[in-house]
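All remarks here apply to the structure that follows.
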Amino acid sequence: MTIDKFIRKAISPNKLFLPLLDPGIGIPLRSLVRPGDTVRRGQVVAEATDESALPLHAPVQGEVIAMEPLVVPWAPEPVETIVILPGKEEPPQPLQPSKGPWEPTEIRELLYHLGVLSIKLKVGSEPSRTVVVNGCELEPFLTSTQRLMEERTKELISGMEILLQAFEAEQAILAVTTDKDELIADLQDLVFVKKRISFVNLPPRYPQDNPQLLLRSLAPRTTATIVDVPTAIAAHEAIVNHNPLLDRVVTLSGPAIRNPQNLEARIGTLLSELIAQCDGFAQPPGLIIMGGPMRGQVISSLEIPISRQSTGFVFFPRRLRSMEEPCIYCGKCIDACPQALYPVLISTAVKSLDWDSAESLRVRTCLLCGTCSYVCPSRIAHQRYLRRVLERRTTQ
Amino acid sequence: MRRTRFLPPHIYTRDSYIQRNWSLCIALAIPFLASILIYGVSKPFIILLLTVMAAVLAEIFLSLLFSQHLHLEDGWVVSIGMLVSLLLPGSVSYALPPLAAALAVFLGKTLPGGQGRSFFHPVLLGLLFLALFFPQAITYSWPGLEALPGGVRVPIWYEQLVSGAGSGALGSTSVLSLFFSAVFLLIRRSLDWRMTLLFLVGSFSLFPFAQQALTAQLFAADSIFFALFLIPDPSTSPLKDRYRMLYAFLAGLLTIPFRLTLGPVLGILFSWPFASILVPLFDFLAYPSARGYLWQAPALRTFSFIKGIQGVVRKQPTTKKLPSESCEKTEDTISATPIRSRQHKVALPLFSQIDVVEAQNPTEYHPPCTRETGPEHRIFWQKRLNEGWRFFQAQMGEETVGCLQLAPLKSAWIPVTGSDFLWLACLYVVPTRRGKGIGRKLLEKALELAQKHSGICAVTEDPTIGEFLQHFGLEPMLTNRGVCFYRKASGEETVHWNELPPRPLTEHKVTLDIAFSLRCPHAWLGYQQLLHDFANGPEELVLRPHLLETPGEWEGVYLNDERLGDSSLDRKKLRQLVQDKLKTIV
């Protein structure tokens, strides 16, 4: 749908909302500004209470007009949010020349302060030998990673070199699942001269983009760090151009939207503003998914800010689930499971509340990829039953 | 943002088993048309029509007889009828194919409990019956192509391709039509071609021992028909991919000895059951880590097969309606049929012991009816315990399988007067563990306690539970709301039901009263859901929630002062009732 559409810059937003909660790990942030303050573009407006969360930057120049609670999908309760009213457009700043050779610790510090990578990610007992850049995008409808790789190939490879230095790693692997010959040729040209960077084209089978499966097929016996493509490009921006992470490319797609787009939006832009730039809805959306349709989360409002983790939003006219029919024991879920689990047996056990048996069927290795639910010809939501076992484990 | 219940994934494959069954039916129509071309219109058409009708009628009749859900829309029954008719020769009498189809539905679908529950294909069971009792019917004696009146003369190679060996079952005479069926199934992605191929390879691997021509073996006796439509059926083949292939190959391999002894026609029919019997073994071998589970829970189809047969043989007691005219009378005992002893036979599993444990404080009480017992629920239990209630739960090992609540009459939430009676507030058994004597054990505990009091009483709107209570000596009594009140006195004292005054109606025609209490969080949630359903109803409907604060009042749902039930009321049914009522006004 949007695989061939170029990334478009979104129109500058009317208001920006920056929730004071890290979307990835759910760690609260501490605000450094008050209502009435003016902020520069790229100024730190909130700092993390913990080192595993990243600081927040003001995406535009403007004025903080309020601090108000906002409902966000990644928290059960409303989160205190900085509201910024954008001011006049700033002229682009002259690029700061990078200052010669960098130490790995310096790169890491800079990446942290510019909101690209958290420090905790790489402070381990043993330095990882491999950096894997996850360019697999197998969720249906989502194309932002694919477009980024096509349009910013050079930046991506340069970012990978920076990440190599930052992690003190031996090699960097770019994993893609694409059938575009041009992209493969481009990557081959760029990678050819680099000794420590390689790229792999994996077969496009759905749960391959799961980090665990990716590592299994790429670097089974080494320690590896996995980053995604936008992060690698942001690392290039941060080190070479000294720009903090302010934008995010999101895909707005699905049958319910009139003109699906890949939009580069400022972090904090409301989803409703972006939809207006896609010519609105063709049909009223009955199902809005944050993320892809296989793993994404259903949201019930359009007043949601774009976060650092957003990849896309998919809109369907209605819910696609039909009634659960009795199992015919065809074994499709077993063939489809990437972890060689037996979803049909686990769901049967859960239905009879037989928790011990469900545990004995290795349910804790489940990746929650949802393939079993997808392939079931009887429309049994196997993943829901598996999730119940896993959630039960965590609560006890 | 509130967490919604919609969990990922949100998209699904288009492949459904219903679509698969129907595309099988369409694929079967191609050899059927070919058989019309070869044998003329009348006979194949009548046989097919009769067989499919017999299968459908058998399904309707059997679902009524065993009070099962009727599933005709999934196409499974129709495909059984078509398969049976196409596997029989044209020379068969009109009575036998419908009989075989009806038997196939009964033995292969109704008894095991549906598609996928039986590891024998229903068609196999139906045909085996014919082969055992009417062997001459299933052997082919239809004349060759030349003998047909007005038959066209065709070249030899074409004749073999179109009409096979000159005689055979209706569906398998023309190999060319089967080829088109295969193409259709492959386009619809409803065929596992590897299984087809492996079955054929298996059936030809020992070919040097057979003394017949290759083409004759290939085209005669349904080899390709079986390989296309019956062997790759996902619901009767093993669960794991690898073992599915092995099964197809073995099914092919086993045909050789049977064909050599029984002839080409009966060969496959008698070899396939042997391959099918291995299916549970394959399932078992595929899951070494599931072995413990395999013995405990009836997960795999072997166990569900047995369980399904048990369920049909031990028929569920049908619910009896109370006579409507006797609802007007009060203090009138109704006659109930004596309960059959085997309905409450204790069938405990050998190694599981049920212990009835009393919960002394709210943290110990985890009733299985409410999924979560959070701190807010414990407040409910603590209040009840302060009022003198007693909580029991049935333990089966670690698992809580049932619960029992007993209340003294002064804090009972029903309108009764009596001295020292106990009220049976709640008796619940986990649905999957019913029929194992857990409810009996809990009720015996309650009766044992009632010996120390004047007696025990209970209210229920479910006639099945009523029968259960009567079996233990509780006497029924009809109330003015048409609901049975059960009591059993230990001594001479007795308990009386106070009739409830009618609730005043509003000038609106439809009034829905929902009276609920803070007795139990589970029931409370049920009422909240009902209230939520009608919160934004039409103007003609007046919704009156009543929060009962003191014991002695009775919760329930009343539509125009007519009692419908308590919190266990089906929401859909209630919505329908209210809508019907609203229509009568307009």
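Each chain gets a letter, A, B and so on, in the order the sequences are listed, and its residues count up from 1.
- The heavy-atom pair separating A/Gly296 from B/His10 by the smallest distance is O-NE2, 3.0 Å.
- We find the CD1-CG distance between A/Ile328 and B/Asp74 to be 9.5 Å, quoted to the nearest 0.5 Å.
- Interface check for chain B: of the options A/Pro140, A/Pro377, A/Cys333, the most heavy-atom pairs under 4.5 Å are formed by A/Pro377.
- Note on A/Thr371, A/Leu368, A/Val314, A/Ile289: by heavy-atom pairs under 4.5 Å with chain B, the leading option is A/Ile289.
- Looking at heavy atoms from C-beta onward, B/Arg244 lies in side-chain contact with A/Asp335 at the 4.5 angstrom threshold.
- Not counting sequence neighbours, A/Thr81 has no partner by the side-chain hydrogen bond (donor to acceptor under 3.5 Å, both in side chains) test.
- For the residue pair A/Ser373 and B/Tyr12, the shortest heavy atom distance occurs at O-CD2, 3.4 Å.
- Only the backbone of A/Cys376 has a heavy atom closer than 4.5 Å to any heavy atom of chain B.
- Proximity to chain A is limited to the side chain of B/Val430, based on heavy atoms less than 4.5 angstrom apart.
- Atom CG of A/Leu287 and atom CD1 of B/Ile11 lie 10.5 Å apart (nearest 0.5 Å).
- When all heavy atoms are compared, the tightest approach of B/Leu239 to A/Tyr329 is CD2-O, 3.6 Å.
- Only the side chain of B/Arg20 has a heavy atom closer than 4.5 Å to any heavy atom of chain A.
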